[in-house]
> 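The structure's right below; bear with me while I get my questions together.
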Amino acid sequence: MFKTGDVFVYGSNGACVITDIKQERFARETKTYYILTPYINRRETIFVPVDSEALTARMKKVLTQDEIIEMIKSIPSCDIIWLDNANARREEYKRIINAAERKELLRLIKTLREKKAALEADGKSLSVSDDRFYKKARTIINSEIAFVMELEMKEVEPFIEKVLEAA
C-alpha cells in the first residue's frame, strides 16, 4: 500500500504525488481512495480506489536520477514508429499514451519530433492529432524528469539536449 507523500508516474498523468488517502462516496458507494495531484497540474485531483488492482497497477515508481540519465541517453537508439495510415497511427499512438510505458513514449516523441522537423522543412506542420500526441507524450516524460531532477518544466528540454550532447 502506498502512503501520503509517495510520488510515482500514474498512467498518462505523468508524475503524481499522493496528497491524501481517505474515504469518499461516489455512485452510492463509499471506498478508500488515493488522492493524487499531478506534478504539472497541481489544481487537478485524481481519485484512485485503493482496492482497484487495475488502477493501482498504473502507479509506477519514478526513476532514479541515474535511470533518468540512462533513459535520455537511449533516445538516439529508439526506433521510429510512423504509420502512414492516419487511423492506424492514431490508434497506435493512443495505445502508447494510455499505457504510458517510458520506452514507447520515447519512441513516439522521437518519431513525431523527426516528422515535425521534416514537415517544417517543407513549410508544413504536424496534423492536429499528431501534435496532441506529441505534446502529451512529452508532458508525461518531462513531468517525471522535472520531478526527479528537481527542474522546472521549462528546464527539461534544455536538460535533455545537454545530456544527449554529452553522451
Side-chain angles (χ1 to χ4, degrees), residues 2 5-20 33-48 54-83 86 88-120 124-165 167:
F2 298 101
D6 285 351
V7 179
F8 49 87
V9 174
Y10 183 68
S12 64
N13 295 286
C16 293
V17 63
I18 296 178
T19 54
D20 202 358
Y33 290 86
Y34 294 117
I35 313 301
L36 313 180
T37 301
Y39 181 71
I40 56 166
N41 185 358
R42 300 203 175 137
R43 287 176 271 148
E44 187 176 334
T45 302
I46 302 165
F47 294 82
V48 179
L55 294 176
T56 57
R58 296 178 64 188
M59 297 165 74
K60 299 174 189 149
K61 184 180 175 191
V62 292
L63 299 176
T64 65
Q65 288 187 351
D66 289 341
E67 290 169 329
I68 291 286
I69 299 294
E70 288 307 310
M71 178 182 74
I72 293 168
K73 288 179 179 178
S74 77
I75 293 171
S77 64
C78 290
D79 297 328
I80 62 167
I81 46 176
W82 182 259
L83 302 170
R89 186 171 66 248
R90 191 170 27 257
E91 288 304 310
E92 178 64 5
Y93 292 176
K94 184 165 48 168
R95 182 195 66 74
I96 291 169
I97 294 293
N98 289 335
E101 291 295 331
R102 294 172 184 104
K103 287 181 182 181
E104 291 291 303
L105 289 167
L106 290 175
R107 289 178 63 208
L108 177 58
I109 292 166
K110 181 178 178 182
T111 297
L112 292 174
R113 178 179 286 158
E114 289 180 7
K115 188 66 173 177
K116 181 177 181 176
L119 286 168
E120 287 175 351
K124 299 177 183 177
S125 59
L126 285 174
S127 71
V128 171
S129 176
D130 288 336
D131 190 54
R132 263 194 311 241
F133 287 122
Y134 181 51
K135 287 176 181 171
K136 186 64 176 175
R138 286 175 47 213
T139 298
I140 296 166
I141 290 289
N142 290 359
S143 70
E144 183 174 14
I145 293 171
F147 174 78
V148 172
M149 303 309 287
E150 298 177 8
L151 301 169
E152 295 293 322
M153 285 296 283
K154 65 183 181 207
E155 298 172 315
V156 173
E157 297 284 334
F159 173 76
I160 292 169
E161 294 303 321
K162 186 176 170 184
V163 171
L164 288 172
E165 287 171 9

> Decide yes or no for Tyr34 and Thr19: does some side-chain heavy atom of the first lie under 4.5 Å from some side-chain heavy atom of the second?
no

> Which residue in the set Arg95, Arg90, Lys94 passes salt bridge (Lys or Arg N to Asp or Glu O under 4.0 Å) when paired with Glu92?
Arg95

> Going from CG on Asn98 to OH on Tyr93, what distance comes out if it is rounded to the nearest 0.5 angstrom?
15.0 Å

> List the steps and the verdict of side-chain contact (heavy atoms from CB on, under 4.5 Å) for Ile18 and Val7.
CA-CA 7 Å; Ile18 296 178; Val7 179; over 6 Å; no

> Roughly how far, to the nearest 0.5 Å, is the OG atom of Ser74 from the NZ atom of Lys110?
9.5 Å

> Could you give the distance from CD (Glu161) to CD1 (Ile75), rounded to the nearest 0.5 Å?
8.5 Å

> Would you say that Tyr33 contacts Val48 through its side chain, given a criterion of any heavy-atom pair below 4.5 Å between the two side chains?
no

> Considering all heavy atoms of both residues, which atom of Ser143 and which atom of Gly14 are nearest to each other, and what is their separation?
OG-CA, 3.3 Å

> Specify the closest pair of heavy atoms between Thr111 and Ile81, including all atoms of both residues, with the distance to one decimal.
OG1-N, 2.7 Å

> Please answer whether the main-chain N or O of Tyr134 pairs with a side-chain N or O of Lys116 as donor and acceptor at a distance below 3.5 Å.
no

> So Pro38 and Ile46, do their side chains get closer than 4.5 Å, heavy atoms only?
yes

> Just by modelled atom types, is the Arg42 backbone N or O under 3.5 Å from a matching donor or acceptor in the Thr37 side chain?
no

> Is there side-chain contact between Glu101 and Ile96, with at least one heavy-atom pair below 4.5 Å?
no

> Taking the side chain from Tyr10 and the backbone from Leu36, do they hold a donor-acceptor pair closer than 3.5 Å?
no

> Any heavy-atom pair between the side chains of Asn142 and Ile40 that's under 4.5 Å?
no

> I'd like to know whether Glu157 forms a salt bridge (charged side-chain N to carboxylate O under 4.0 Å, His left out) with Arg113, so could you lay out the CA-CA distance, the side-chain angles of the two residues, the decisive distance to 0.1 Å, and finally the verdict.
CA-CA 12 Å; Glu157 297 284 334; Arg113 178 179 286 158; 3.3 Å; yes

> Hey, could you give me the CD/CG distance between Glu70 and Leu63, rounded to the nearest 0.5 Å?
11.0 Å

> Given side chains that start at C-beta, do those of Asp130 and Lys115 come closer than 4.5 Å, heavy atoms only?
no

> Side-chain contact test, heavy atoms from C-beta onward, threshold under 4.5 Å: evaluate it for Met149 versus Ile69 and give yes or no.
yes

> Closest approach of Val17 and Gly5, non-hydrogen atoms and distance?
CG2-O, 3.7 Å

> Got a donor-acceptor contact below 3.5 angstrom from the Arg107 side chain to the Cys78 backbone?
no

> To the nearest 0.5 Å, tell me how far Lys136 NZ sits from Thr139 OG1.
6.5 Å

> When rounded to the nearest 0.5 angstrom, what is the spacing between NZ in Lys60 and CD in Glu144?
9.5 Å

> Between Arg132 and Val128, is there a side-chain heavy-atom distance shorter than 4.5 Å?
yes

> Taking all heavy atoms of Met59 and all of Phe8, pick out the closest pair and write down the distance.
CE-CZ, 3.0 Å

> What is the minimum heavy-atom distance between Leu83 and Arg89, and which atoms define it?
O-NH1, 2.6 Å

> Where do Ser12 and Ile140 come nearest, in terms of heavy atoms and distance?
O-CG1, 3.3 Å

